[in-house]
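Worth knowing before you read on, the calculation uses all heavy atoms, side chains too, and leaves out hydrogens, waters and symmetry mates. Below, chains carry the letters A, B, ... as their sequence lines are ordered, and counting in each starts from 1.
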Amino acid sequence: MPPPSPQLVEESIALAFRKIVGRGPTAEETARFQAFHAKATTTGGHVTAGKALLTAVLLQPEVLYRSELGEGEPDEFGRIRLTPSEIAYALSYSLGNLPLREFLEASAKGELATRQQVSELVAKRLVDDSPLQDKNPRIIQFFREYFDYPYAREVFKDQPTGGKHDANRLVADLETNIRDVLRADEEVLRTLLTTRKYYVNANYKDEKNKGVILVQGHHKTWPYQTSFNLPHDWKWSLANQPVAFPKNERAGILTHPAWLAAWSGNFENHPVQRGKWIRTHLLGGTVPDVPIGVDALVPEKKHTSFRDRLITATASSKCQRCHRKMDPLGLPFERYDHYGRIQRLDAGQPVDPSGAISRTRFSNIHGKFPSPVAMIERLAASKEVEQVFVRYVFRFFMGRNETLGDANTLQDANKAYRDGKGSFRALVASLLASDSFLLRQTNKN
Amino acid sequence: MSSRRTFFRGATLGLGGLYLAPFIRQLEAAGKGAAKPARVLFFVQGNGIYPRDIQPQGIEFPKNPSKLEDRPLDNHAMSMSMKPLVPWTNKMTIIHGLSGRIARGSHNSGFAALGCWPMSKKDYGETIDAAIARKLGGIYPHVGLGVSNKAMSITYNLTSAGKGKALPTLLNPIQAHKQFFAAGTKGEARKDFDVDTNLLDFMADDVKRMQARLNGSEKEKLERYLNAFESMSARQGKLGVMAKQIASAAPDIDPKTGRIMESKTAPTGVFERLEAQFDIAAGSMIAGLTNVATVSGGAGPDRIGLSCMASELGLKGDDGYIGAHAIGHGNFQKFAGISGPDCHAHIRRKCLEQLAKFIRRLEAVPEGDATMLDNTLIVYLSDSAEGHHPVCQEWPFILIGDLGGRLKLGNRYLRYPWYGNQGHRTIANLYLSLLHAVGERQNTFGIPDFGLGDLDQTGPLAEIMS
């Protein structure tokens with residue numbers, strides 16, 4: 001094999017960069033890689049040198065790490081803007097798992113130069129009319145991580161007598177609900193928290209020649225419906241999906257068996273974890289982890305309800321410092337057993353599903369509630385809860401916690417969500433076109 | 001056969017002296033009876049070691065023993081599969097009765113076999129071979145080699161240096177040879193080695209250039225990447241100056257072993273590859289490249305042991321494919337006229353024949369007042385404990401050597417009280433003994449078996465500590 005001409009080497013470097021790094025090499029890089037190739041050729045001949053050249057491109061830090069270094073001069077606050085191609089990649093990976101052609105093309109054409117341009121492009125990308133809502137997979141991923149219902153699969157449970165616990169199915173059913181809400185894109189959080197309609201054993205499927213349609217999840221799942229307290233002789237039909245439940249029985253995700261099972265133990269409910277979730281994810285509070293040395297165990301006691309056993313176990317003032325922030329929020333869910341089915345009795349005692357919201361910065365939502373549904377209604381109607389939700393969306397899409405400097409971004413995002421009548425797409429578009437997303441603080445101030 | 005010590009003395013005349021000086025001092029000291037070198041080879045074979053199959057004749061094997069049995073091995077004839085190790089009976093220790101329930105897997109335990117944690121946790125922590133490698137050090141602290149019936153050149157199956165830090169097992173002897181001995185070769189292979197050196201320096205330089213543009217935590221992230229190139233680059237430098245010594249220890253490997261075919265009708269070549277891998281393990285120890293090697297014979301999470309053609313075992317009769325899974329499942333299947341368990345024993349014998357060659361190679365190299373073998377410990381086990389579908393209440397181990405007298409091993413048969421009985425011990429206790437022997441005095445290893453309740457699972461096996 002004859003040695004390659006200098007021109008061929010240069011072209012190979014350019015090709016390797018475009019294919020592997022996703023951009024052409026700079027003049028400085030071309031020169032450096034040419035020099036490396038020349039040195040390697042002297043050492044080991046041009047065949048080995050050719051392989052080494054390719055290896056060197058493959059091992060570029062840029063291949064393993066996505067860099068967001070920005071370019072240009074810092075603004076008055078010491079912030080620099082990401083380069084157009086960095087923005088294209090950042091947007092792509094915010095919404096999916098692959099570089100998206102439309103963003104890369106826009107970056108090449110210089111159409112990612114202003115906030116307005118980015119915002120419009122993202123809004124266009126977010127339009128998704130498929131019932132599956134899988135065009136931008138990271139959107140539903142946010143809800144998975146925020147509510148953490150897929151964890152139901154990890155909680156091992158024995159089968160209940162006379163019933164059937166199928167965590168995979170529960171998670172799939174809840175996602176059918178979430179997909180509907182995302183497609184409608186109206187009052188997303190409120191609908192998710194308060195819907196009375198649940199899919200039972202029903203999922204969207206892309207069928208040949210029919211497109212995406214709603215189908216029965218599995219034919220042999222009887223008596224799976226008992227997880228939702230549907231009777232043993234209940235018959236599945238397309239017409240009764242989603243199934244409407246009485247207003248006072250359940251409300252939204254937090255009373256869906258998938259969420260309840262995800263936040264439960266192997267044998268019992270877990271009011272503490274449920275309360276902690278509401279405290280942190282809806283009320284924006286914090287609760288420290290269990291202190292080292294505390295044996296967090298609710299003692300067994302016959303003829304005593306779980307509620308009473310928990311209250312006794314955490315009665316001391318040392319425990320109460322944290323538990324008063326969690327238990328009153330989690331105990332209303334004693335209305336359901338740890339499989340997520342409604343229970344009237346616990347240890348032979350009538351269930352007390354009352355609870356309270358207190359110790360928040362939003363006194364307008366404080367109060368005592370007779371049932372989980374009443375408490376959730378109050379939370380879902382709160383503007384402050386919505387703001388906490390916006391914070392969590394911010395953290396997910398920025399990949400970091402908010403700082404004081406992000407106040408404008410958060411306010412804009414909240415306004416976009418409100419103005420869009422609870423549109424999650426408007427909220428995401430606002431975040432991805434924000435200064436927080438497009439600019440980086442430098443230490444050159 | 002020249003002594004390594006004298007050879008190294010000669011080498012100090014060159015540039016190598018800088019790098020080798022500490023090593024030579026250690027070797028010379030060894031000759032005077034100070035700290036001797038220590039080396040460990042783990043041979044992990046898939047598909048289980050049937051306890052009765054390796055039981056020496058004339059030693060009874062009662063059910064659920066309640067007392068420790070400790071007796072000499074000589075005067076007892078070895079079973080068919082153990083015959084290749086007979087010449088080293090006075091260096092051999094068979095240990096029965098250790099349990100490893102925590103690691104229990106269905107066909108194999110993979111990392112868990114050397115790590116003592118639930119098999120499903122995969123590379124959950126530091127395995128025993130990696131722990132010893134960390135302690136003993138070396139240019140390559142750990143060398144992982146193996147054989148698989150699958151046409152793969154690398155796998156991550158047994159060794160991990162920490163959580164999520166699985167170490168590779170090289171499955172292609174030709175590639176492994178190139179990796180460890182390229183510095184000692186001439187011609188093309190050596191050129192590749194030198195170009196690699198260029199490449200590593202270029203990359204380190206490139207990463208530094210990128211790093212200069214970053215600050216804070218971003219800089220730290222790249223630091224690790226940079227360290228990797230710099231440490232590899234430093235290693236290239238050391239290997240470069242050891243070229244002569246590497247050349248003298250590098251084994252000749254049949255190029256055929258580099259072609260791995262998946263076949264159920266033609267010879268699989270597993271034993272030739274295993275022989276080559278043992279050669280490479282021996283060569284890398286003799287060259288002073290490593291002190292710890294793990295050789296895998298069809299072990300690991302997705303493997304069930306070695307399969308081969310009946311003719312490759314030297315069996316007469318109808319040639320046919322002996323599938324490791326099939327022989328694990330019973331007596332009723334006949335291959336070349338013999339039953340599943342017999343095939344199992346023949347495969348072990350063939351594997352141990354290769355191990356014997358490794359032992360001979362070390363034995364031929366003088367070191368101090370003795371040979372390299374005397375300062376080496378060979379640990380033979382299956383990652384599938386006592387069977388194809390193991391219960392792990394009894395995990396057999398065969399040890400050769402005593403690690404330069406650091407352990408009370410050799411000519412011993414030990415059987416510990418049965419699972420749950422007073423005095424019962426686990427494989428973690430054996431691993432702790434090895435750690436204590438190399439100076440790492442920890443008291444627990446891996447995750448304890450909660451099924452053993454109050455039984456003491458801490459500390460080394462007192463019976464084998466010197």
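Proximity to chain B (any heavy atom under 4.5 Å) is restricted, for A/Leu64, to the side chain, taken from C-beta onward. Proximity to chain B is limited to the side chain of A/Leu69, based on heavy atoms less than 4.5 angstrom apart. Looking at B/Arg190, neither its backbone nor its side chain comes within 4.5 Å of chain A, counting heavy atoms on both sides. Using a 4.5 Å cut-off between heavy atoms, A/Glu29 makes no contact with chain B at all.
Using a cutoff of 4.0 Å between basic side-chain nitrogens and carboxylate oxygens, B/Lys208 and B/Glu230 are scored as salt-bridged. Ion pair B/Arg209/A/Glu28 flagged as a salt bridge, since at least one NZ, NE, NH1 or NH2 atom sits closer than 4.0 Å to an Asp/Glu carboxylate oxygen. Taking 4.0 Å as the cut-off between side-chain N and carboxylate O, B/Asp196 and B/Lys178 do not count as a salt-bridged pair.
Ring centers of B/Tyr225 and B/Phe229: under 6.0 Å apart, within the cut-off. Between B/Tyr156 and B/Phe111, a ring centre-to-centre spacing not shorter than 6.0 Å is recorded.
Side-chain N/O atoms of B/Gln175 and B/Gln179 include no donor and acceptor closer than 3.5 Å.
Taking 4.5 Å as the heavy-atom cut-off, none of the residues of residues 442-459 of chain B approach chain A.
At a threshold of 4.5 Å between non-hydrogen side-chain atoms, the residues B/Arg101 and B/Val391 count as touching. Side-chain contact between A/Phe36 and A/Ile13: absent, with no pair of heavy atoms (C-beta onward) separated by less than 4.5 Å.
Test A/Arg440, A/Arg400, A/Arg81 against A/Glu68 for salt bridge (charged side-chain N to carboxylate O under 4.0 Å, His left out) and you get one pass: A/Arg440.
By number of non-hydrogen pairs under 4.5 angstrom with chain A, the leading residue of B/Asp192, B/Asp206, B/Asp205 is B/Asp206. Comparing A/Lys39, A/Arg32, A/Glu62 by how many heavy-atom pairs each has under 4.5 Å with chain B, the most go to A/Arg32.
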